[in-house]
Every structure is written in structure tokens, then in C-alpha cells.
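Small disclaimer: the values here were computed from a predicted structure and weren't measured. Counting begins at 1 with the first residue of the sequence.
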Amino acid sequence: MPSTHTPDAPATPAPGPDFSGLWLPLVTPFRQGAVDHDALALLVAHYRPLGLAGFVACGSTGEAAALDEDEQDAVLQTILQHAEGLPVVMGCSGYHLPSVLARARALSRQPLAGLLVPAPYYVRPPQDGLLAWFRAIADASAVPLIVYDIPYRTGATLALPTLLALAAHDNIRAVKDCGGDAFKTHTLIADGRLQVLAGEDPQIFATVAAGGAGAIAASAHLETARFAELIAALRAGDLGRARAAWQPLPALTAALFAQPNPIVIKQRLAESGLIQPDLRPPMAGA
């Protein structure tokens, strides 16, 4: 008797990660020189219901450069434990490639949405070196990469052809755009392979209105729901609602970045009773 078994249909590929919306790069609270994990847990709980797409742990706003690896791991665990289903992206940086690859492999064993990876700072490599750098990390990581294009911190500018070449890598899915080049921003949005996230807070309206996916915004530690409303309105094409949400935010972002980030943000959060205003050297208080 002939078999009546019907071969299984091919599996539907899992959808790629979605980095759209508002991501909050959390500050790292300190108390008497140590990471204040109780305050960090309270921060996550405070921001969780305010319309975020997710959290970023150990970015530049989180003073990651002032944390050793064990402290970074502990910060990540606290955020993961209290995020209650909101996705978490982790910063992963350095300038010694074998160490960064080992770090990427270790971090990507955690339940992360992705890694936020800048160019190697201080080295100022050529474009082919940057291509090899990001491709090697993307190959090593089990979770997708958000390329962090921030030349004023790293000293390395990611040229448009380099970013377009990186967009062809299956494990590079987004860019945090702090490059300050409107043509590059709009070209990446038009290309469509990378989700473009505004990384400079004054550029959120322009980037998302042009078709960008969202923002990783330090200023959203304040007026969080308004920032979330702004991005939601822009993505829905409701410019009137978006303009109303945006109107007070440029002055806020200017004030919060009047001193190097996160000095003013931590002071404002301390005034609200959420954290202590402590920073680690060489940062100094507001």
C-alpha cells in the first residue's frame, strides 16, 4: 500500500530581530564607589512600563569604560533579572580583537537581543580594517550586532561604503547613528538592510521622520513616555502628534548634554530620588 505520508513543509525562517522603537541606554548607579544594584533594579522597574522597546546595558551612558568585566557582567544580570521580558542589548567594545571576540562569544550566551559594538577606539584603522573588525565580531557572536558609529568617541569614521558592505552580513542588523552625516543617514535608510537608530538625541525627529527605525536615547531617562510617543507617532505618520511631542524635547536634550554624558542625567535622577549622583573618575559631578 503506498504511503499517504505528506512530507513536512519547509520550516519558516524565524523573523530577524527588530530594533525599532525607543531604547534606553541605562546609567549605572554607584554608591560609595560600588555599583548600586538595588538602585539599578529600581531604575529598570521604573522605566519598564513607559513605552520602551528595550534597554541597553553598559553603553557609554552606563559608564562602561569605568567598569571592569565582572562589574559589567553583574550589571547585565541585574538588568536581565528585572526587565521582565523587555529585550536587552549589551555593549561590547575594545581594541584588542582576540579579547573582543572572546567577550562577544561569552556575552552572546546570555539571553540578549544583540550587542552594541563600536569601532576600536584610539587605533584609527583604515576602512578595510574596520570591515574586517566588524565582520569578525559578527561571525563570533551568536546574537546580532548593532554597529555603533560614533567617531567623536572612537576616532574612527565608518564611511558609507563600509556600512553598506557591513549591511550584507547576516548578523549585522542595525546601526546606532552618531556619525553626524545626514547624507549617510538617509542613504542607509533608503538602502533598507540596516535598521537605523538615531544615536544623537537632537536628530531623533529627523531620523525617524525620514524612515529610521527608532533611537537609543540617553535623554529619555527624562520624559521617557514623551520620547516613546514621539517615535510611535512618527512611525505611524502622524506628524501633528509627533511635532507636539517633540516641541519641548530639543531644549531638554541640550540641557542634559551641557556637560559630558551622563553627568547631568545622573544629577537629575538623583534630584528625583532614583539614584545617588555618584560617577566614577574621570567623570566629575554636575
Side-chain angles (χ1 to χ4, degrees), residues 19-28 43 46-47 50-65 89 91 93 116 118 146-154 157-158 174-186 188-189 194-235 239 241-272 274-275 279 283 286:
F19 294 114
S20 63
L22 175 64
W23 293 76
L24 185 66
L26 273 169
V27 299
T28 301
L43 277 182
H46 171 77
Y47 288 114
L50 298 181
L52 298 177
F55 295 104
V56 177
C58 295
S60 51
T61 303
E63 295 175 81
V89 165
S93 63
L116 179 64
I146 302 172
V147 172
Y148 191 0
D149 183 16
I150 185 162
Y152 61 81
R153 283 190 182 270
T154 64
T157 296
L158 286 161
V175 57
K176 180 181 178 184
D177 177 25
C178 302
D181 183 336
F183 177 76
K184 185 164 73 172
T185 300
H186 287 270
L188 290 170
I189 290 170
L194 294 176
Q195 290 188 294
V196 178
L197 302 170
E200 292 295 297
D201 297 1
Q203 300 303 318
I204 293 172
F205 190 103
T207 297
V208 182
I216 300 176
S219 298
H221 281 87
L222 281 76
E223 297 289 348
T224 314
R226 181 181 285 273
F227 276 99
E229 169 74 4
L230 165 71
I231 291 175
L234 286 170
R235 288 177 58 80
L239 283 180
R241 183 162 58 103
R243 290 188 188 108
W246 178 244
Q247 192 274 331
L249 294 180
L252 174 66
T253 63
L256 293 179
F257 284 86
Q259 296 187 59
N261 185 46
I263 291 173
V264 181
I265 288 171
K266 277 194 155 182
Q267 180 63 36
R268 290 293 306 274
L269 293 178
E271 291 167 0
S272 300
L274 289 168
I275 65 171
L279 299 115
M283 286 294 185

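- Atom CG of L222 sits about 6.5 Å away from atom OG of S272, to the nearest 0.5 Å.
- With H221 contributing its side chain and L269 its backbone, the two residues share no donor-acceptor pair below 3.5 Å.
- Residue-environment remark: OH (Y152) exceeds the threshold of 12 foreign heavy atoms within 6.0 Å.
- Side chains of D201 and T253: no donor on one and acceptor on the other come within 3.5 Å.
- For the pair K266 (side chain) and T28 (backbone), a donor-acceptor distance under 3.5 Å is present.
- Remark: the T154 side chain and the Y148 side chain contain no N/O donor-acceptor pair separated by less than 3.5 Å.
- Among all heavy-atom pairs drawn from V208 and G214, the shortest one is CG2-O, 3.7 Å.
- Residues A53 and S20 approach most closely at CB-O, 3.2 Å, considering heavy atoms.
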- Query: Between L234 and L239, does a side chain to side chain contact (heavy atoms under 4.5 Å, CB included) hold up when you go through it step by step?
  - Reply: CA-CA 6 Å; L234 286 170; L239 283 180; 3.9 Å; yes

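- Between F205 and W246, the ring planes lie tilted relative to each other; the angle falls in the 30° to 60° range.
- With sequence neighbours excluded, no residue satisfies salt bridge (charged side-chain N to carboxylate O under 4.0 Å, His left out) with R243.
- For the side-chain contact (heavy atoms from CB on, under 4.5 Å) test with D177, the passing option among L158, V147, T185 is T185; the others fail.
- The structure places CD1 of I150 at 5.0 Å from OG of S60, a figure rounded to the nearest 0.5 Å.
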